[in-house]
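Structure first, then comments.
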Amino acid sequence: MLIFKNLEQGIRVIASRAYSYTTKEMTVLEALNSALHEEMSADPKVFLMGEEVGEYRGAYKVRLLKKYGPERVLDTPITEKGVIGWRRSCPRLNEVEEILNKYMLQAIDHIINSAAKSNYMSAGQISKYFANTIIFRGPNGAAAGVGAQHSHWYAAWCGSCPGLKVLAPYSSEDARGLLKAAIRDPDPVVFLENELLYGESFTVSAEALDSSFCLPIGQAKIKREGKDVTITAFSKMVGYALQAAEILVKEGINAEVINLRSIRPLDRSNINASVRRTSRLVTIEEGFPQHGVGAEICASILEESFEHLDAPVERIAVADVPMPYAANLERMAVPQIDDIVRDVRRACYRSSLLAAAA
Amino acid sequence: MVKFTSDLKFMSEFQEERIHCYRVLDDCGQPVSDEFVQIDEETAMKMYKYMVTLQTMDTIFYEAQRQGRISFYVTAIGEEAINIASAAALHMDDLVFPQYREAGVLLWRGFTLQEFANQCFGNKYDNGKGRQMPIHYGSNKHNYFTVASTVATQVPHAVGAAYSLKMDRRDACTITYFGDGGSSTGDFHAALNFAAVMEAPVIFFCRNNGWAISTPVMDQFRSDGIVVRGQAYGVRSIRVDGNDALAVYNAVRVARKMAISECRPILIEAITYRAGHHSTSDDSSKYRPVEEIEWWRVARDPVTRFRKWIEREGWWSAPAESEIRNDIRKQVLHVIQNAEKVEKPNVGEIFTDVYDVPPSNLIDQEKSLRETIERHPQDYPPDFPTS
């Protein structure tokens, strides 16, 4: 029904265009489903449940359903609270819970109070019995024209909660590696996908295509090395940051772009190491600015690398308003590539106007 | 097949008669009907002793809180029949998902008085490692899921667990307890609907005790209690006299069989009365008449009612009664004294079980905390175990 081709913000990983027969072009959605397929075939205790989310994803679910049967691929009534609560005590390892993460708020009590905290509160008894492995995955954040209640990013809220791990893949390789890692991880994981990235195609290396491939949780990746300023981003914003970096390099600003991959645990050591090299930091996120991921990164830098900073930390986030629907308003509310470019210039003291307010 | 009608008629909000309440013994402990499934003396005696133990334990722990020895306590006064009789009708393999007024179920399963006391004092022998407030018991060994303060969150959990028992083809079900207040939550709705659709072998046990803290049932719902909701979800249900131990026992026993053999959920609404306060943080005389409380506590006491029956059967007597009460009382006082003296959990337990493996930031924090304690011992309590 809805096939997302490259949008005007055509995002592509800057990679070699020479296709080796061992690499492959894969959309993020294909990558996620390949990861699910592999993990479900490797371990009979992995199972998937959730609500139907739309034809294009439904089509994938149908294939999984045909292959693994209704006992392992469950469609559920429409109540996120029920889905999460229900699963919370299924003594099965490695359960993958697919909900529209944008509706996560309906189930947030169970995600936080039942999943994140229960191992601690029960002194390890619940997870010995029920295996704490559960992944809450699904699309997050703004799609295009879906309004305020469908556009919320939960990275900051979930990221503040001890007991949870929070991942935000960007590329297909991220999607594969992080989903596989999440399925194999004994702790509850919130897996924040992005609807607009599902249709994006990326080159996936041979190594990443292997079924044993797994990315470490808690490690960020330097997507682009640079020496003038560090830009941290996650999910769709990584692509924007990379494009902004290409524009900036023509002005003589060489930006280092870090793909966070993991919101909790946050890879503080890599981010700090990068800022110690560049002395400047710009954080980008698609979530609200107050108490956001950027705020946490900024605090970490101040605590550990204060003397290395040559400029105040810049934070780029969505506008501090519920997401509007009209296309022009939405565009203004979400960070765009020129916002990033402008902000990086300011961090490098290159802007012509030093704005009084952000 | 839905039939058509030309009658523009709305279904009444009330049925003509309220759903009947199943009971075996009347208020004086006399069987109401000649046909009744006899339970053996051994089971009946065990049930009675545990009801007395629960009542005694609750009274003394409550007093201990009033004396400032523990911070908080919740009693099950008035609901001893529900606790013990339902537990007696289950098997050890059945998983229990409690709210917080079902310590008797755990007691029946073998959790010792000392273990209860250890949890309430949060000492180093607490198998909850001092992580939670008193009465938030949990034990893998006894298939008793750890109590959480959140109301009714255990209800959908029980459904998931039941589904998994079904997948594993186990001869076991799950049971989950909640109150009249808990039945108002979204979790209750989601759980019942899921259980019916997924055909999960779960017993939903509602302790309708008339009060949700200070909210009487009149302000909680306008339906004929909770039992009528079962049919709305396609769940078989029954209303029982919650103060009649034999009625509760029979209902749960049959419910269990149906749940497992037919792979279906069952809803049991047990009518009872919360004869104690909601918790030690509550004084219910502020919102309900003291005469009402006293009447239920004395005239409708489930322990007394069951005792009358076992006396009539010739299995019990007054001397046996005072002996057992003295004996249990001594035991409870003893375990409290013991638990009070034991030191608290090691400071390292602040950081474990957050994740499967402690992450680097918590390892750093623990190291930093230990160094600080070593450097400034005067700032920390003397009974602060660090090793």
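Labels below follow one simple rule: chain letters A, B, ... track the order of the sequence lines, proteins then strands, and each chain is numbered from 1. Because the structure is a prediction, the values reported are computed rather than measured.
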Got more than 12 heavy atoms from elsewhere within 6.0 Å of CD, B/Q365? yes

Any side-chain heavy atom of B/D187 within less than 4.5 Å of one from A/D109? yes

Considering only heavy atoms, give the residues of residues 343-353 of chain B separated from chain A by less than 4.5 Å, sorted numerically, with 'none' for an empty result. B/E349, B/I350, B/T352, B/D353

Choice from B/L362, B/N127, B/N361, B/V155 maximising heavy atom contacts with chain A below 4.5 Å: B/N127

How long is the span from the OG atom in A/S118 to the NE2 atom in B/H157, to the nearest 0.5 Å? 7.5 Å

For A/K165, is it the side chain, the backbone, both, or neither that has a heavy atom closer than 4.5 Å to a heavy atom of chain B? both

Side chain to side chain donor-acceptor pair (under 3.5 Å) assessment of B/T153 paired with A/H110: CA-CA 7 Å; B/T153 49; A/H110 280 287; 5.6 Å; no

Look up atom CD1 in A/I217 and atom OH in B/Y355, then write down how far apart they are to the nearest 0.5 Å. 10.0 Å

Which atoms of A/P265 approach chain B - backbone, side chain, both or neither, heavy atom under 4.5 Å: neither

Give a yes or no answer on whether the side chain of A/D187 reaches the backbone of B/D356 with a donor-acceptor pair at less than 3.5 Å. yes

Which distance, rounded to the nearest 0.5 Å, do you find between the CE of A/M121 and the CE of B/M133? 10.5 Å

Starting at OG of A/S122, measure out to NE2 of B/H136 and round the result to the nearest 0.5 Å. 12.5 Å

Can you tell me if OH on B/Y125 sees more than 12 non-hydrogen neighbours from other groups inside 6.0 Å? no

For the student: nearest non-hydrogen atoms of A/Q125 and B/S139, plus distance: OE1-CA, 3.3 Å

